[in-house]
K.L.:
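Dropping a structure here in structure tokens format, bear with me for questions.
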Amino acid sequence: MVVHGIVNGFSFDKISQNIDDIKQIVTDRIKTVSPSRVTDIAHMITAINLEHIRLLLAHPDSWAFSLALDGLTYQTKSYFDVHIRLHIKGQLQNLHALVIPSHGQNMGNGLTKLVVHLLVAICPEWTGCIISISSDGAWVITGKDNGVVILLAQLLAYPVVFMWCGVHQLDLVTQKAMKAIFGGEFAALLKTNAVNLQ
């Protein structure tokens, strides 16, 4: 139940409350789970998953991997998403490594430090193993001086291939063009009409 709550974006307090509610309705055999216990369970699940990723990266058939970096917004909060992609035993693995809350100033440097800490923990020789870095093209990720991609690339032992998502790039160009043409009026009109159509 805890994992299901985390996956669905519930706060740890809400997960604890939901378990208590189920206990009262269904059976007393379910133990009460405090928010701090939910936190402990989330930490254990994260540690187990990171250890699994570490073992895959340490496998003899795994000599290189790619990073995929993406910015996302969920319930008005911004996050930075890190995926690790590798080919092992004939299969491509797309591993969702970590989601990091992103806020504050100097985000490129701060997020880069967090990604480096993650990489050191799961693959100590990471600087010689990354062969490509892909991203959605958001400025904090791709900025020419302080973007995470550039800062990570400066730490690598070898040059890497940079890939930017074509769909995201097209979306950014389209948004910029719409703002230039309509000064934001078109987006507001579209939003109003979309609400009315529901």
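All heavy atoms count here, side chains included; hydrogens, waters and symmetry mates do not.
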K.L.:
Rounded to the nearest 0.5 Å, how far apart are CD of Q93 and NE2 of H87?
P.N.:
9.0 Å
K.L.:
Do the side chains of V82 and L69 get nearer than 4.5 Å, heavy atoms only?
P.N.:
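A side-chain contact exists here, since the closest heavy-atom pair is under 4.5 Å.
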K.L.:
So, taking the atom named NE2 in H83 and the one named CZ in F65, what distance separates them when rounded to the nearest 0.5 Å?
P.N.:
14.5 Å
K.L.:
Is any side-chain heavy atom of L151 closer than 4.5 Å to a side-chain heavy atom of L111?
P.N.:
no
K.L.:
Among the clusters formed by ILVMFWY side chains lying less than 4.5 Å apart, do Y158 and I150 turn up in the same one?
P.N.:
no
K.L.:
For the atom pair CG (L118) and SG (C123), what is the distance rounded to the nearest 0.5 Å?
P.N.:
10.0 Å
K.L.:
Just how far is it from atom CZ of R54 to atom CG of N49, taken to the nearest 0.5 Å?
P.N.:
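Output value for this atom pair is 13.5 Å.
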K.L.:
If you define the side chain from C-beta out and look only at heavy atoms, does anything of V115 sit under 4.5 Å from W126?
P.N.:
no
K.L.:
Side chains of V160 and L152, heavy atoms from C-beta outward: is any pair under 4.5 Å?
P.N.:
no
K.L.:
Counting neighbours of NE2 on H96 that are heavy atoms of other residues, nucleotides or ligands and sit closer than 6.0 Å, is the number greater than 12?
P.N.:
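Atom NE2 in H96 is packed in, count exceeds 12.
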K.L.:
Got L114 and F80 here, is their nearest side-chain heavy-atom distance under 4.5 Å?
P.N.:
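Side-chain contact under 4.5 Å: no.
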K.L.:
Going by heavy atoms in the side chains, are H52 and I48 under 4.5 Å from each other?
P.N.:
no
K.L.:
When clusters are formed by joining ILVMFWY residues with side-chain heavy atoms under 4.5 Å apart, either directly or through shared neighbours, do L155 and L98 land in the same one?
P.N.:
yes
K.L.:
Is the backbone of A58 close enough, under 3.5 Å, to the side chain of S62 for a donor and an acceptor to pair up by distance?
P.N.:
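Between the backbone of A58 and the side chain of S62 there is no qualifying donor-acceptor contact (under 3.5 Å).
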K.L.:
Determine, using the 4.5 Å side-chain heavy-atom cutoff (strictly less than), whether I131 and I53 are members of one ILVMFWY cluster.
P.N.:
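No, it is not one cluster - the side chains of I131 and I53 are not joined through contacts under 4.5 Å.
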K.L.:
Taking the side chain as every heavy atom from C-beta outward, state whether I84 and L67 have any pair of such atoms under 4.5 Å apart.
P.N.:
yes
K.L.:
Hey, does T46 have a side-chain heavy atom less than 4.5 Å from the side chain of H43?
P.N.:
no
K.L.:
Could you state the interatomic distance from CG (D61) to CG (L56), rounded to the nearest 0.5 Å?
P.N.:
11.0 Å
K.L.:
Do you know which two heavy atoms are closest between G128 and A157, and how far apart they sit?
P.N.:
CA-CB, 4.1 Å
K.L.:
Is it the case that one hydrophobic cluster holds both V120 and L86, taking links as side-chain heavy atoms less than 4.5 Å apart, direct or via other members?
P.N.:
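Same hydrophobic cluster.
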K.L.:
Would you say L156 ends up clustered with I122 if hydrophobic residues are merged whenever their side chains have heavy atoms under 4.5 Å apart, either directly or through other cluster members?
P.N.:
yes
